[in-house]
Structure formats: C-alpha cells, structure tokens
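Okay, structure first, notes after.
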Amino acid sequence: MRGAGSGRCSMGGKSVFLTVGTTSFDDLVSCISSEPNISILKDLGYNRLILQIGRGTVEPKSYDTPEFTLEVFRYKDSLAEDIRNADLVISHAGAGSCLETLGERKSLIVVINEKLMSNHQLELAKQLNKDGHLYYCTCSTLGSTLKTMDLSALNIFLPGQPKVFADFLDKAVGLR
C-alpha cells in the first residue's frame with residue numbers, strides 16, 4: 001500500500017539489487033540501467049532497481065514513478081540489508097559479493113568484467129554456475145540471461161565449507 005501522495009512503487013512488486021563492490025564497473029552500470037534492460041526487468045515483474053556503483057564514473061539519475069523506481073548510491077558500510085531485501089541480485093564476480101549473496105539464499109546473476117586481464121572471477125562464476133548456484137553472463141548477454149533465467153532451478157548454496165571454497169580460490173588465482 002502506498003503512502004498518500006507517494007509515487008514510490010517499492011511496496012509490493014519485486015526488486016533487483018546491483019552491486020559492483022568497491023570497484024568500478026561502468027559497463028555493467030550502463031548496461032543494467034539502459035532502457036532495454038529496464039523494460040526486461042519490468043516485463044519480469046520487477047519494479048525497483050537499486051544500483052551500488054562503487055567508484056565508477058557512470059552515475060544514472062535516480063527516479064521514482066508509480067511504475068518503477070531507480071535508486072543509486074556509491075558505498076555503504078554494509079550491503080547486507082540491500083541483499084536481504086532484494087528478490088534478485090546482479091553482481092560483479094567478486095568472491096565477497098558472491099558469497100554474501102549466496103549465503104543469504106538470494107538468486108544471483110554474476111556479470112563478468114571482460115576488461116580484467118587475469119580474470120579469476122570468471123573461474124569462480126563458472127564453478128558456481130556449474131554447481132547450479134547462479135547464472136553468469138557478460139554485459140552484452142545480460143538482457144538475454146534475464147529473459148531466459150529460471151531462478152527456481154538454482155540450488156541453494158550451503159555455507160559452512162570455507163576450506164573447500166578457499167582451496168578453489170587458491171587454485172583459481174594460481175596459488176596452488
């Protein structure tokens with residue numbers, strides 16, 4: 001139920017939270033906030049998109065209409081509440097962002113930054129995708145991933161195996 005005179009659509013409907021962590025991933029911010037991808041989100045029943053844009057130079061304008069809300073911020077001390085409140089999280093492939101999201105049992109799409117040279121993030125995303133915990137894509141395939149994803153098919157990530165995950169990360173970054 002909306003407050004009197006409020007255009008906010010955040011009550012009811014579904015929300016997407018995008019995080020790039022402390023990095024800069026302007027391509028992802030531009031991609032998700034583009035009109036075609038906003039339209040896809042609306043078609044999927046999402047009416048709120050919250051962007052955590054880190055130190056990027058691309059900063060979409062926030063807006064709030066009865067149909068859709070876009071909120072933008074750079075940093076917070078903790079993203080836990082944003083993740084908990086989201087129906088879908090879209091993230092860069094940082095290990096911390098992935099683990100925090102999966103630990104909250106949230107649906108996750110990881111977008112690979114193809115401009116990174118040594119891309120251990122791709123290895124992490126591939127493994128978590130292979131295990132059925134998330135979808136991954138690039139900026140150029142985000143729209144089609146959104147259209148074809150079946151979030152009910154994702155497996156719950158069971159935390160409590162930090163050694164297994166640490167071993168995987170060590171191998172992915174070449175420490176083993």
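No hydrogens, no waters, no symmetry mates; every other heavy atom, side chains included, goes into these values.
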What one should report as the nearest heavy-atom pair of Leu51 and Pro60 is CD1-CG, 3.8 Å
So which atom in Ala93 and which in Val110 form the shortest heavy-atom distance, rounded to 0.1 Å?
CB-CG1, 3.3 Å
Side-chain contact, heavy-atom cut-off 4.5 Å: Thr57 with Ser24?
no
So how far is it from Leu146 CG to Thr141 OG1, rounded to the nearest 0.5 Å?
9.5 Å
Euclidean distance, Asp131 CG relative to Asn155 CG, rounded to 0.5 Å
8.0 Å
Member of Val16, Thr69, Leu41 meeting the side chain to side chain contact (heavy atoms under 4.5 Å, CB included) criterion with Arg48
Thr69
Using atom types as modelled and distance alone, determine if a side-chain donor or acceptor of Ser15 lies under 3.5 Å from a backbone N or O of Ile50.
no
When you measure from the side chain of Glu67 to the backbone of Asn47, do you find a donor-acceptor pair of N or O atoms at a distance under 3.5 Å?
no
Nearest heavy-atom contact between Phe17 and Ala86 is CB-CB, 3.7 Å
From Leu154 CG over to Met149 CE, what is the distance, rounded to the nearest 0.5 angstrom?
9.0 Å
Backbone of Ala125 reached by a side-chain donor or acceptor of Asn129 within 3.5 Å:
no
Side-chain contact test, heavy atoms from C-beta onward, threshold under 4.5 Å: evaluate it for Ile53 versus Val72 and give yes or no.
yes
Which atom pair, heavy atoms only, marks the closest approach of Val111 to Cys139?
CG1-N, 3.7 Å
Cluster link Leu44 to Leu151, ILVMFWY, side chain under 4.5 Å
yes
Donor-acceptor under 3.5 Å (Arg74 side chain, Gly56 main chain):
yes
Leu108 and Phe157: CA distance, side-chain angles, deciding distance, side-chain contact (heavy atoms from CB on, under 4.5 Å) verdict
CA-CA 11 Å; Leu108 177 61; Phe157 180 80; over 6 Å; no
Can you name the nearest heavy-atom pair linking Asp82 to Ser78, along with the distance?
OD2-O, 4.3 Å
In short, salt bridge (Lys or Arg N to Asp or Glu O under 4.0 Å) pairs touching residues 140-149 with sequence neighbours left out are none
Inter- and intrachain pairs under salt bridge (Lys or Arg N to Asp or Glu O under 4.0 Å), touching residues 15-42, at least two apart:
Asp27-Lys115
Enter the distance from Ile90:CD1 to Cys137:SG here, rounded to the nearest 0.5 Å.
7.5 Å
N/O donor-acceptor pair under 3.5 Å between Ser107 side chain and Leu88 backbone:
no
Any chance you could measure Tyr46, atom OH, to Asp87, atom CG, to the nearest 0.5 Å?
6.0 Å
Between Tyr135 and Leu142, is a side-chain contact (heavy atoms from CB on, under 4.5 Å) present by the stated rule, with each step listed?
CA-CA 10 Å; Tyr135 291 101; Leu142 178 58; over 6 Å; no
Under 4.5 Å between any side-chain heavy atoms of Ser62 and Leu70, yes or no?
no
Got a second to check how far His133's NE2 is from Leu99's CG, nearest 0.5 Å?
10.5 Å
Any donor-acceptor pair under 3.5 Å linking the side chain of Asn113 with the backbone of Phe25?
no
Tell me if a side-chain donor or acceptor on Gln52 pairs with a main-chain N or O of Val20 at a distance below 3.5 Å.
yes
Heavy-atom closest pair, residues Val58 and Ser30:
CG1-OG, 3.4 Å
Which residues share a side chain to side chain contact (heavy atoms under 4.5 Å, CB included) with Ser97, sequence neighbours left out:
Thr19, Ser91, His92
Look at the aromatic rings of Phe68 and Tyr63 and report parallel, tilted or perpendicular, splitting at 30° and 60°.
tilted
If hydrophobic clusters are built by linking Ile, Leu, Val, Met, Phe, Trp and Tyr wherever their side-chain heavy atoms come under 4.5 Å apart, do Val89 and Phe73 end up in the same one?
yes
Is it true that a side-chain atom of Tyr136 and a backbone atom of Gln127 form a donor plus acceptor pair closer than 3.5 Å?
no
